[in-house]
K.L.:
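The structure's right below; bear with me while I get my questions together.
Note: hydrogens, waters and symmetry copies are ignored here, and every other heavy atom, side chains too, is used. Letters A, B, ... are given to chains in the order of the sequence lines, protein chains preceding strands, and every chain is numbered from 1.
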Amino acid sequence: MLPARFDYVAASSVEEAIAAKAQGGDESRILAGGQSLLPMMKLRFATPANLIDINRIGGLDTIERHNGHLHIGALVRHADIAASGEVSGAVASAAPWIADPLVRNLGTMCGSVAHCDPEGDWNSVLLATGAEVIAQGPSGSRSIAIGDFVEDFFTNTLADDEMVVALHIPVPSGRSGGSYQKLERKVGDYATVGVAAHLELAGDGTISAAGVAMTSVAPINRKATGAEAVLVGNAPSAELFAEAGEAAAAAADPRDDVRGSARWKRRVVAAFTRRALAAAAEEAQA
Amino acid sequence: MEITVNINGTDHTADVEPRRLLVDHIRTGVGLTGTHIGCDTTSCGVCTVLVDGTPVKSCTMLAVQADGREVTTVEGLKSADGLHPVQQAFSDEHGLQCGFCTPAMMLVGAALIEENPAPSDDEVRWAISGNLCRCTGYMNIVKAIQAAAAAASSDGDG
């Protein structure tokens with residue numbers, strides 16, 4: 001299969017990429033790993049007139065801890081995250097479960113996040129951890145909370161002259177932990193159900209902050225705010241996590257499909273929320 | 001657009017349309033048909049090649065993205081000394097049935113051994129989890145990659 005014709009630019013700087021993107025307006029797309037975009041272009045679901053390849057831009061492939069957050073540049077591949085010693089919590093837990101090993105070698109976290117596929121894993125992790133998307137435009141960069149970045153499925157809130165240059169994931173100063181639990185029929189399939197959990201503990205061992213978000217059980221990745229409310233202020237326990245699991249299941253809105261019935265998926269949400277929270281608490285208490 | 005891709009140690013310069021996929025360039029442009037096209041939808045992994053040593057799906061990369069880079073296809077595995085240890089092991093261990101997924105499996109195996117000279121059973125299975133064998137001949141594929149690792153490291157020791 002061949003994508004529709006497009007004009008190709010291999011940008012050598014972020015400024016050049018942004019200028020090219022602005023020129024093409026909503027007919028322009030950024031090519032990072034291309035592991036979602038190129039398949040869509042081959043199927044002609046996406047037919048950008050301009051493709052701006054950012055793979056030759058230097059300095060976008062860094063993973064580093066900086067000012068209380070983890071900085072992940074636009075060319076950091078899923079495999080880089082899985083192999084990095086800098087990552088922990090839900091990010092480290094999710095990385096090996098993105099797509100398959102070959103896709104992980106090319107696909108980028110920033111690209112996946114910007115793609116806003118409702119069945120993508122990373123946006124749940126970002127919702128649970130309270131991450132921010134760093135977008136750069138002609139007059140500088142701005143930080144967008146992940147909840148505001150995702151407008152709808154396959155739709156983000158970037159302006160035509162902006163591109164994602166990094167993600168900033170908070171690294172709490174106190175004790176914290178996280179986990180991503182994913183059920184897939186086979187390697188490389190979309191999640192049947194995915195749950196990301198993030199916990200922070202206060203000095204007395206109670207939960208001071210909690211994030212729970214779900215994949216593939218709502219029109220877009222959904223934060224389970226009810227489950228988070230159940231957790232905060234309480235001491236971690238199996239009973240508490242079970243209660244949070246039920247709250248998450250109630251917030252899920254799955255559909256019957258080839259991967260299973262809505263009713264069953266809701267039960268998976270409850271179980272996976274429980275497991276993700278238990279793993280997060282274990283990491284935080286270690 | 002003019003590109004130069006080093007494939008199996010030889011520079012190939014060609015004028016390609018930006019929308020041409022790397023796999024089409026390798027097969028039709030350069031004439032190396034050991035790289036196969038299976039699903040053409042980023043699912044099966046039979047189009048795997050190594051780009052700068054890393055296994056990727058060549059149906060999901062544009063040829064222009066490979067400009068100036070080093071690509072290894074199955075044809076590039078053997079050297080003047082003979083078959084690559086992975087090729088010898090696939091032959092010895094009967095690591096193939098119909099052979100369609102074999103070039104990709106061997107390249108993934110070769111890249112794995114490069115990084116991890118003694119992969120466990122689980123590590124091999126994890127490494128090939130993006131590659132489908134529709135004959136379901138996985139047992140011998142795993143065995144062959146481990147045998148290749150053992151042969152490569154004993155060669156290195158000797």
K.L.:
Could you tell me if A:T215 and A:Y190 have a donor-acceptor pair between their side chains, going purely by distance under 3.5 Å?
P.N.:
no
K.L.:
Side chain, backbone, both or neither: which part of A:A4 has a non-hydrogen atom closer than 4.5 Å to chain B?
P.N.:
backbone
K.L.:
Please flag which part of B:V51 lies under 4.5 Å from any non-hydrogen atom of chain A: side chain, backbone, both or neither.
P.N.:
neither
K.L.:
Name the region of B:L62, side chain, backbone, both or neither, that has any atom closer than 4.5 Å to a heavy atom of chain A.
P.N.:
both
K.L.:
In terms of heavy-atom proximity below 4.5 Å to chain A, should B:A127 be classed as side chain, backbone, both, or neither?
P.N.:
backbone
K.L.:
Between A:G188, A:A79, A:G34, A:P39, which has the largest tally of heavy atom pairs under 4.5 Å with chain B?
P.N.:
A:P39
K.L.:
Using heavy atoms and a sub-4.5 Å threshold, report which of residues 84-100 of chain A line up against chain B, by residue number.
P.N.:
A:P96, A:W97, A:D100
K.L.:
Highest number of heavy-atom pairs under 4.5 Å with chain A: which of B:D67, B:T41, B:V64?
P.N.:
B:V64
K.L.:
Evaluate the ring planes of A:H115 and A:F154, with Trp represented by its six-membered ring, and classify them as parallel (under 30°), tilted (30 to 60°) or perpendicular (over 60°).
P.N.:
perpendicular
K.L.:
Checking heavy atoms, do the side chain of A:L37, its backbone, both or neither come under 4.5 Å from chain B?
P.N.:
neither
K.L.:
Quick test of your reading of the model: are A:D189 and A:R185 salt-bridged, counting only N-O distances below 4.0 Å?
P.N.:
yes
K.L.:
Can you tell me which portion of B:T60 sits under 4.5 Å from chain A's heavy atoms? Options are side chain, backbone, both or neither.
P.N.:
both
K.L.:
Taking 4.0 angstrom as the limit, do B:D40 and A:K42 come out as a salt bridge?
P.N.:
yes
K.L.:
Where on B:E17 is there a heavy atom nearer than 4.5 Å to chain A: the side chain, the backbone, both, or neither?
P.N.:
side chain
K.L.:
Checking side chain to side chain contact (heavy atoms under 4.5 Å, CB included) between A:L75 and each of A:T62, A:N55, A:D80, A:V165, which is the one that passes?
P.N.:
A:N55
K.L.:
Can we say A:K21 and A:D160 salt-bridge, meaning some charged N sits less than 4.0 Å from an Asp/Glu carboxylate O?
P.N.:
no
K.L.:
Taking atom types as modelled, find out whether A:S112 and A:D117 have a side-chain donor-acceptor pair closer than 3.5 angstrom.
P.N.:
no
K.L.:
Looking only at the side chains, is there a donor atom on one of B:N8 and B:T73 sitting less than 3.5 Å from an acceptor on the other?
P.N.:
yes
K.L.:
Return yes if a side-chain donor-acceptor contact under 3.5 Å exists between A:S179 and A:Q181, otherwise no.
P.N.:
yes
K.L.:
Taking 4.0 angstrom as the limit, do A:D256 and A:K265 come out as a salt bridge?
P.N.:
no
K.L.:
Any idea which heavy atoms bring A:R259 and A:W264 closest together, and the distance?
P.N.:
O-CZ3, 3.3 Å
K.L.:
Measure B:M1 against the heavy atoms of chain A and call it side chain, backbone, both or neither at under 4.5 Å.
P.N.:
side chain
